[in-house]
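Atom set for the values below is all heavy atoms of this structure, side chains included, hydrogens, waters and symmetry mates excluded. All ligand and atom numbering here is 1-based and tracks the order in the structure. Here the structure is a predicted model, which means the values were calculated and not measured.
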Amino acid sequence: MNPTFLIAKKRDGGELADGEIADLVRGFVAGEVADYQMSAFAMAVCCRGMTVAETASLTRHMLHSGVTLDWPGSLQPEVDKHSTGGIGDKVSLPLAAMLACCDLRVPMISGRGLGATGGTLDKLESIAGFRTDLSLDEMREVVDRVGCVINGATAELVPADRRLYALRDVTATVESIPLITASIMSKKLAEGLDALVLDVKHGSGAFMKTLWDAQELARSLVDTGKQMGVATVALVTDMNQPLGCMAGNAVEVDESVASLEGNGPADLMDVTLALGAELLVMTGKAADLAAATTTLQSTIDDGSALAKFREMVVAQGGDLDAPRPVAPPQEVVSPSEGYVTAIDTQMLGRAIIELGGGRRQQGDVLDLSVGLEMLVRLGDRIEVGQPLAHLFARADQAPQAMEMVTAAIQLGRQAAAAPRLIVERVE
Ligand code: URA
């Protein structure tokens, strides 16, 4: 294999064969393809794109660059959910437990905060003692015993993605639908799944800013999942305002527990139930989405999902009853009146980073006690002096973040229609 020929073939718009992609990925992981060559290849893909077959091939060879989980003898389907991320998106926490109560097994591998969006692992680490660094054997044991686990990726899983993502991050090659698809799907499919549901977000707080881009990514993810023999559905959902009220780390765990107690905000519950219902239908656990939603809701109503979440927390070394420090609330009030016409949701995420709740650079230690509670939503009428949000922060930390929150919430004279939460279903 000569990597230069393969880079040139893609640069000139050619379609790479499965064997060529296999050679490239194997050579990259073995150190025979240099980082600069793989970066050039990533740029060629950015400019020329990939066919569905090429994307599936890249996904497959990245997936097999490391070990994968398998579940010999498992009597129930393994399933998972992946979200492209957004502010206040805490769906994984209640959903993993709810699914495990429906005879599904959830070996969820999650990530840390990326850009302005929070990370599931960071949130869970606000629970005293909670371990997100289980070995693969420990993960398997928790899934067998409890039915769900939420853990970080281990070094043996998908090394090709870890190395390629680091190059893409610094060579302006993150924004490519085939590369994003292969990155996400190789990691998810390494969990050894029977079914996967994807939450592809669009809007001011999402990775994909436009609906069109989100739809394109959803299509690519679903096509790739199916090519790889895994039942896959995506929902395209709105991220033009935070999901639920809380954004941060400890405060999102609090809101997740409240959701499992039956007191979740309507938008968070709608998305959680809709995503979960897809998995119940794909695995034959429910006849249709309506029946699946009823089954999932019953896991909250009868307390079993909360008990399951508690069981998972204990299995991962955590104590849900230990106090989770939350910084004191500082009120952000409106300087003007009008209707909420737009929210710069990414700016809200940046305000949390400003408080220390997210990373400015790799390795930053987070303050898990800071965060934000949204008190208004798109379309609401606001009066001068009305509270818009609470910032959980020390008073001396808050002024700049307060300005960011005020600037992020745009008021206008005309009431705008609230956006549709679940915009499209892609199967
Ligand atoms: N998230 C991923 O895991 N990979 C990407 O390429 C982009 C977002």
Side-chain angles (χ1 to χ4, degrees), residues 21 25 28 35 38-39 41-47 49-50 54-63 65-66 68 80-87 89 91-92 107-123 132 150-155 157-191 193 196-203 205-210 213-225 228 230 232 234-237 239 345-346 349 358-359 362:
I21 293 175
V25 174
F28 176 52
D35 283 357
M38 204 58 186
S39 302
F41 174 73
M43 186 57 84
V45 172
C46 262
C47 298
M50 277 185 147
E54 284 179 299
T55 307
S57 168
L58 182 61
T59 305
R60 183 175 312 107
H61 297 300
M62 283 172 53
L63 160 69
S65 67
T68 55
D80 197 6
K81 182 265 332 177
H82 176 80
S83 162
T84 56
I87 314 300
D89 181 0
V91 167
S92 293
M108 191 181 286
I109 294 174
S110 288
R112 302 204 173 269
L114 189 69
T117 64
T120 299
L121 301 181
D122 299 324
K123 294 168 200 178
T132 59
I150 307 181
N151 197 49
T154 67
L157 286 161
V158 201
D161 177 65
R162 203 169 13 267
R163 292 196 43 203
L164 180 56
Y165 194 88
L167 296 181
R168 289 169 57 211
D169 204 20
V170 292
T171 55
T173 51
V174 170
E175 290 82 1
S176 153
I177 300 265
L179 294 180
I180 296 170
T181 300
S183 170
I184 291 174
M185 295 302 278
S186 60
K187 285 178 289 202
K188 280 288 133 178
L189 300 185
E191 296 171 358
L193 301 179
L196 174 65
V197 69
L198 297 146
D199 182 359
V200 182
K201 298 196 175 292
H202 80 96
F207 192 53
M208 294 286 146
K209 298 287 177 244
T210 68
D213 281 345
Q215 287 168 322
E216 202 190 345
L217 179 58
R219 180 79 270 151
S220 174
L221 292 165
V222 169
D223 286 347
T224 303
M228 308 276 295
V230 175
T232 309
L235 299 182
V236 177
T237 69
M239 184 35 68
T345 313
Q346 189 163 342
R359 288 179 191 79
Q362 274 187 350

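Applying the 4.0 Å criterion to heavy atoms of Lys187 picks out, from ligand 1, the atoms 2 (C), 3 (O), 4 (N). Listed by number with element, the atoms of ligand 1 under 4.0 angstrom from any heavy atom of Ser183 are 2 (C), 3 (O), 4 (N), 5 (C), 6 (O). Distances below 4.0 Å separate heavy atoms of Ile180 from the following atoms of ligand 1: 6 (O), 7 (C).
For the pair Lys187 (side chain) and Ser110 (backbone), a donor-acceptor distance under 3.5 Å is absent. A donor-acceptor contact shorter than 3.5 Å links the side chain of Thr59 to the backbone of Thr55.
Leu179 places a side-chain heavy atom less than 4.5 Å from the side chain of Leu58.
Between Ile184 and ligand 1 there is a heavy-atom distance shorter than 4.0 Å.
At a cut-off of 3.5 Å, with distance as the only test, no side-chain donor of Asp161 or Ser186 sits close to an acceptor on the other residue.
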